[in-house]
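Below you'll find the structure, written out as structure tokens, and then a few comments.
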Amino acid sequence: MTETSMDTEADLFYRQLPKVELHAHLNGSVSFETMETLIQRKPHLNIEHNMTAIRRGQRRTLDECFQVFKVIHQLVDSEEDILMVAKAVIQEFAADGVKYLELRSTPREVTETGLTKQRYIETVLEAIRQCKQEEVDIDVRFLVAVDRRHGPEVAMETVKLAEDFLLSSDGIVVGLDLSGDPTVGHGKDLLSALQKAKNCGLKLSLHLSEVPSQRDESELLLNLPPDRIGHGTFLHPEVGGSDSLVEKVCKQNIPIELCLTSNVKGQTVPSYEKHHFQYWYKRGHPCVLCTDDKGVFCTDLSQEYQLAASTFGLTQEAVWSLSQQAIGYTFAPEPIKEKLEKKWAELKQQILQ
Ligand SMILES: CNc1ncnc2c1ncn2[C@@H]1O[C@H](COP(=O)(O)O)[C@@H](O)[C@H]1O
Ligand SMILES: [Zn+2]
């Protein structure tokens, strides 16, 4: 067998592998092709592709990554843009073999285009509905995101909005995300908003210990406790975290969303080999591979599975288990989880040789 055909066969396995994506920021997930359309729609902004994506071999500081989101937000600033972007992102995940997707996004208000936070969420939900109507083979749920940079009042407003949609969206809105520049603000100021969200039945997925300075914050937020953790890069003692943090995560068995390429390109992790996936996976802790921002970091979920497998020597059987176990970490109701389990069982013989 030639090297090329071997490559293709491996690629095919990862693409065919049914997958669950639980950590995807809408505006970070915009593909090159969709970006092209947006750039052409708004030529006056003078935005080029290299301002919206971090290519192969390139690295940026986390701070620079956040500049990239500012540029993308300029390009995506109306209901029309959001509808197009959300539909395209959902279709792309489906084409990559993702069968269940939890998309997250920060509701924004844009005076010039008349966009309100309420309409922002409604538009994302409309995109989800349209994809369902068009029979795109994927189940999509939505997490309303709180940007930590905006402080406690906005966080509380966002939680109220999320609560309304939890009750009125036919089960599409399932939870709340905490994200944004981890070097800005402190989680203690957001604690009451997060607590309120939890009390009203929203599931919590929190970006925790994405940078080393968040140790105290993580101690505090782990007491909520969150239903899932985003990144958790600096939780374990080897990288400046602590035994007490690890103990809290393990005792409460909180699944961790791990995004290899995002962390390597954003330079919070020095290399794929040194990624903390290894630490948690070896302990048998619930781990789920995710893309974070597939557009910005130029990746997709198949590639993330393939990278994890080649870096950490996972067999196809192990990769299959990893993707199947993710079903249990979704915020979907039990009947949906059962449906997904069935789908995995049906596909197993066909895909896993
Ligand atoms: C790289 N690591 C990360 N750490 C923290 N927050 C991140 C992030 N990547 C993305 N976001 C959050 O998602 C927003 C963009 O999508 P939405 O406009 O919400 O759809 C960013 O502005 C940031 O708040
Ligand atoms: Zn994230």
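One-based numbering along the sequence shown. Both ligands and their constituent atoms are indexed starting at 1 by order of listing.
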Under a plain distance cut-off of 3.5 Å, with no hydrogens placed, do Thr106 and Tyr120 share a side-chain donor-acceptor pair? no

Proximal protein heteroatoms (N, O or S) of the Zn ion (ligand 2), under 2.8 Å: His23 NE2, His25 NE2, His207 NE2, Asp292 OD1

Among non-hydrogen protein atoms, atom 15 (C) of ligand 1 lies closest to Phe69 CD2, 3.8 Å

The closest protein heavy-atom partner of atom 4 (N) of ligand 1 is Glu210 OE2, 2.8 Å

Counting only heavy atoms, which portion of Val296 has something under 4.0 Å from ligand 1: side chain, backbone, both, or neither? neither

Salt-bridge criterion met for Arg41 and Asp81 (N-O under 4.0 Å): yes

Relative to each other, are the rings of Tyr281 and Phe277 parallel, tilted or perpendicular (30° and 60° limits)? parallel

Please say whether Ser262 places an N or O atom under 3.5 Å from an N or O atom belonging to ligand 1. no

Please confirm whether Asp181 comes within less than 3.5 Å of ligand 1 when only nitrogen or oxygen atoms on both sides are compared. no

Salt bridge Arg148-Asp181, side-chain N to carboxylate O under 4.0 Å: no

Does Arg104 pair with Glu257 as a salt bridge, N-O distance under 4.0 Å? yes

Please work out whether any backbone atom (N, CA, C, O) or any side-chain heavy atom from C-beta onward of Asp147 is under 4.0 Å from ligand 1, and answer side chain, backbone, both or neither. side chain

If I apply the N/O under 3.5 Å rule, does Cys65 come out as touching ligand 1? no

Work out whether the distance between some heavy atom of Lys70 and some atom of ligand 1 is less than 4.0 Å. no

Atoms of ligand 1, numbered as shown, that sit under 4.0 Å from any heavy atom of Asn27: 16 (O), 17 (P), 18 (O), 20 (O)

Between the CG atom in Leu22 and the CG atom in Leu258, the distance rounded to the nearest 0.5 Å is 11.0 Å

Going by distance alone, is a donor N or O of one side chain under 3.5 Å from an acceptor N or O of the other, for Tyr272 and Thr261? yes

Quick one: look up the protein heavy atom nearest atom 6 (N) of ligand 1 and list residue, atom name and how far away it is. Gly180 N, 3.0 Å

Which residues pass the side chain to side chain donor-acceptor pair (under 3.5 Å) test with Glu219, not counting sequence neighbours? Ser244, Lys248

What about the rings of His231 and His276, do their centers lie closer together than 6.0 Å? no

Give me the nearest non-hydrogen protein atom to atom 1 (C) of ligand 1 as residue plus atom name, then the distance to 0.1 Å. Asp292 OD2, 3.6 Å

In the protein, what heavy atom is nearest to atom 20 (O) of ligand 1, and what distance, to one decimal place, separates them? Ser105 OG, 2.6 Å

Lys343 and Asp137 ion-paired at < 4.0 Å: yes

Give me the nearest non-hydrogen protein atom to atom 9 (N) of ligand 1 as residue plus atom name, then the distance to 0.1 Å. Asp293 OD2, 2.8 Å

Arg108 near ligand 1 by a heavy-atom separation under 4.0 Å: no

Any chance the side chains of Gln130 and Glu126 put a donor and an acceptor closer than 3.5 Å? yes

Between His25 and Asp293, does any side-chain donor sit less than 3.5 Å from a side-chain acceptor? no

